[in-house]
Amino acid sequence: MRVDFRVELRSVGTALRLAESVLLAGGQRQARRNAWAAVCENRRHAAARELDGGPADAPAGGPAGGPAKAARR
């Protein structure tokens with residue numbers, strides 16, 4: 001059984017874009033997984049800071065969450 005994937009390439013740019021999409025598809029999926037893992041990790045850190053009452057390196061005179069958090073109070 002032979003599968004034929006013929007595509008009419010109208011320009012060199014089209015051929016390069018097709019080759020790039022095939023070659024980089026796995027890398028793009030990995031990048032999305034890495035980005036989502038970073039988002040989840042940031043959410044965990046934020047939740048831990050909320051439970052602890054703020055970051056340990058917060059300035060002595062300033063609010064624990066910065067200007068945005070101070071505005072919500």
Side-chain angles (χ1 to χ4, degrees):
M1 183 167 130
R2 182 169 187 249
V3 179
D4 195 7
F5 289 105
R6 291 188 187 180
V7 177
E8 183 179 330
L9 301 175
R10 297 178 185 205
S11 70
V12 173
T14 303
L16 290 174
R17 280 191 293 277
L18 177 65
E20 180 184 39
S21 68
V22 169
L23 294 173
L24 297 179
Q28 290 171 351
R29 280 192 300 270
Q30 184 65 43
R32 283 193 294 272
R33 282 194 297 265
N34 289 346
W36 182 246
V39 167
C40 293
E41 186 67 20
N42 286 342
R43 289 178 179 175
R44 281 193 290 273
H45 284 293
R49 282 194 304 270
E50 288 291 324
L51 292 175
D52 291 341
D57 59 347
K69 192 166 185 178
R72 285 187 268 148
R73 290 183 185 169

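Each residue takes its place number in the sequence, starting with 1.
Judged as a side-chain hydrogen bond (donor to acceptor under 3.5 Å, both in side chains), the pairs with a partner in residues 21-32 (not counting sequence neighbours) are, in order, Gln30-Arg33, Gln30-Asn34.
Under the 4.5 angstrom side-chain criterion for Ile, Leu, Val, Met, Phe, Trp and Tyr, the cluster partners of Trp36 are Val39.
Among residues two or more places apart in sequence or in another chain, the side chain to side chain donor-acceptor pair (under 3.5 Å) test is passed with Glu41 by Arg44, His45.
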